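Small disclaimer: the values here were computed from a predicted structure and weren't measured.
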Amino acid sequence: MTPPATFSFDTPGDAERAAELRRVKALATLVLASTLLLFIVAKWLLPVHPVFGFIAAFAEAATIGGLADWYAVVALFKRPLGLPIPHTAIIQSNQARIADKLGEFIQVHFLEAGPVEAKLNEIDFGSFVADWLRDRKRSDDLARFALRLLPEAFSATESSGLMTFIIRRMSSQLQAIDLAPLAAGTLRGFVAEGRHQILFDDLLRVMHETLNQKETMAMIREKVRAELPTLLKLYRADKFLVNKIVSSATAFFNEVRSDPKHPFRGEFDRMVLSFVDRLGTDQAYIDRIDGLKRDLLARPELADLARTVWANTRSFIERSASGETQVLQHHLAGMFVSAGDALAGDAELRGEINKGLVTVLRSFVADQKSGVSTFISDQVKAWDMAQLISLIEINIGRDLQYIRFNGSLIGGLAGLALYSVEFLLRLL
């Protein structure tokens, strides 16, 4: 069985309030005893003078009023004199009902959507997050905390099979990508920016350098010499032809490279665009690209690379979490600080964060308010009522004791008034 909940009486001022309560209780009891003593004395002196009748009436009613209010105050918390009188010890006897009603009251009047949303809208969550992140020490602590969690997250990912699922999911997603239109679109943007002309200039430069190399010229000369008649070979016509060919080609290459509007460049543009169009629509190209993609994804080297990257990443994070290296922690802390600065300067983003959090928290409170009501009710039912009553008495008992003073005074005045009426009626 769950033991009753206990309370602390060490809050500031409790000792002083308890002492004041004892003083007021003693004073109220003294007043009650005084009115009783006054009643006895006045009754005894009644033959001496009629005025003592008024005093006796006042004291009698004051004593009755004081006793009645003492009974009411005590009955609220305990059984007067320990007697099993019905409808006493009201708080103790109704603990369960009070608990249920308290939980219901909080659910209905404190956790309704309207008041909760109004209160949440008063809070600037975005500014709080921004200020929190901009504090370098807090960002360092957050980065350190995140790093401590990451190794466990890596281990959980591996042991749970999540890593295998992720790899398979990524592989299936990559397999589903249609690379042909993607490649065509990328090349089309490449051409639209004119970057293919840089590649064309590099190609012309390489061709120029290759043609002017001795080995290339010798190879071309051998090819030309093999095709020439024997008579022309005697006159070394092959050398002349090769020099002419290389010279003409070099001049052409230089002309094209120096003229951005050369017609040959336009032909190159049309050739490239034609290839791009065929790349995105020709089924043969599409099938070949898909085949290359499948072959690439099926390569064991790719899986080995993924495992190596994963292992290296895990090792680096473990070293960072152990404090062996501070690079990642400083980088994460810097990212958090930068995010805080960016958030502090973006009022629109802060507004979106506030709106989103209000929506989430409002929905959360709406879903959990019945649970909160039940929790409060269960907690109150588990309280040690004797201790709770002592706590209540310490905090409000002083005011309740003044009810006894008021009861004596009002009762005495009422008794005096009734006796006065009776006295006047007797004179008549």
Problem - Pair Asn406, Asp69: side-chain N/O donor-acceptor within cut-off below 3.5 Å - result: no
Practice task
Mark yes when over 12 heavy atoms from residues, nucleotides or ligands other than Phe316 sit less than 6.0 Å from its CZ; otherwise mark no.
Solution key: yes
Handout entry: Validation row: Ile353, Leu343 side chains within 4.5 angstrom (heavy atoms)
Key = yes
Problem - Side chain to side chain, Lys369 and Glu112, heavy atoms closer than 4.5 Å - result: yes
Handout entry: Other residues, nucleotides, ligands: >12 heavy atoms within 6.0 Å of Arg426 CZ
Key = yes
Practice task
Dump the intermediate steps for side-chain contact (heavy atoms from CB on, under 4.5 Å) on Gln107 and Val372, then the final yes or no.
Solution key: CA-CA 7 Å; Gln107 176 181 349; Val372 172; over 6 Å; no
Completion exercise
Between the CZ atom in Arg144 and the CG atom in Leu147, the distance rounded to the nearest 0.5 Å is 9.0 Å
Handout entry: Separation between NZ of Lys355 and CG of Asn121, rounded to the nearest 0.5 Å
Key = 10.5 Å
Practice task
For Trp70 and Thr29, run side-chain contact (heavy atoms from CB on, under 4.5 Å): C-alpha distance rounded to whole Å, both residues' side-chain angles, the deciding distance at 0.1 Å, then the answer.
Solution key: CA-CA 9 Å; Trp70 167 82; Thr29 303; 6.0 Å; no
Exercise for the section: May I ask you to check whether Phe54 and Phe423 place their ring centers less than 6.0 Å from one another? Expected result: yes
Exercise for the section: Run the ring-centre check on Phe405 versus Tyr402 and record whether the distance is less than 6.0 Å. Expected result: yes
Problem - Thr63 to Leu32 - nearest heavy-atom pair and separation - result: O-CD1, 3.5 Å
Practice task
Walk me through it: do Glu104 and Lys101 pass the test salt bridge (charged side-chain N to carboxylate O under 4.0 Å, His left out)?
Solution key: CA-CA 5 Å; Glu104 180 183 339; Lys101 288 300 179 181; 3.7 Å; yes
Problem - Any side-chain heavy-atom pair of Phe39 and Thr35 under 4.5 Å - result: no
Problem - Smallest separation among heavy atoms of Val337 and Ser139, with atom names - result: CG2-OG, 3.5 Å
Exercise for the section: Taking the side chain as every heavy atom from C-beta outward, state whether Val31 and Arg404 have any pair of such atoms under 4.5 Å apart. Expected result: no
Handout entry: Over all atoms of both residues, closest heavy-atom pair of Gly345 and Arg350
Key = N-NH1, 4.0 Å
Exercise for the section: Could you check if a side-chain atom of Ile55 sits within less than 4.5 angstrom of a side-chain atom of Val41, using non-hydrogen atoms only? Expected result: no
Handout entry: Heavy-atom neighbours of Trp132 CH2 exceed 12 at 6.0 Å
Key = yes
Problem - Point-to-point distance, once rounded to the nearest 0.5 Å, from CG of Leu142 to CE of Met335 - result: 11.0 Å
Handout entry: Glu20/Arg17 ion pair, N-O < 4.0 Å
Key = no
Exercise for the section: Taking Ser420 for its side chain and Leu416 for its backbone only, find out whether a donor-acceptor pair lies under 3.5 Å. Expected result: yes
Handout entry: Lys/Arg-Asp/Glu bridge criterion (N-O < 4.0 Å) met for Arg136, Asp140
Key = yes
Practice task
Would you sort out whether Asp124 and Phe128 count as a side-chain contact (heavy atoms from CB on, under 4.5 Å), showing the intermediate values?
Solution key: CA-CA 6 Å; Asp124 190 351; Phe128 173 78; over 6 Å; no
Practice task
Look up atom CG in Leu418 and atom CG in Leu413, then write down how far apart they are to the nearest 0.5 Å.
Solution key: 11.0 Å
Exercise for the section: Quick one: pull up CD1 in Ile403 and CD1 in Ile410 and give me the separation to the nearest 0.5 Å. Expected result: 10.5 Å
Completion exercise
In terms of heavy-atom contacts, Ser408 and Gly66 come closest through OG-CA, 3.4 Å
Exercise for the section: Give the C-alpha distance, both sets of side-chain angles, the deciding distance and a yes or no for salt bridge (charged side-chain N to carboxylate O under 4.0 Å, His left out) between Lys137 and Asp141. Expected result: CA-CA 6 Å; Lys137 184 180 182 305; Asp141 292 341; 3.2 Å; yes
Problem - For Ala333 against Ala143, the heavy-atom pair lying closest together - result: N-CB, 3.8 Å
Fill in the blank from the handout: Residues Arg134 and Gly340: closest non-hydrogen pair is CG-C, 3.4 Å
Practice task
Starting at CD1 of Ile376, measure out to CD1 of Ile106 and round the result to the nearest 0.5 Å.
Solution key: 3.5 Å
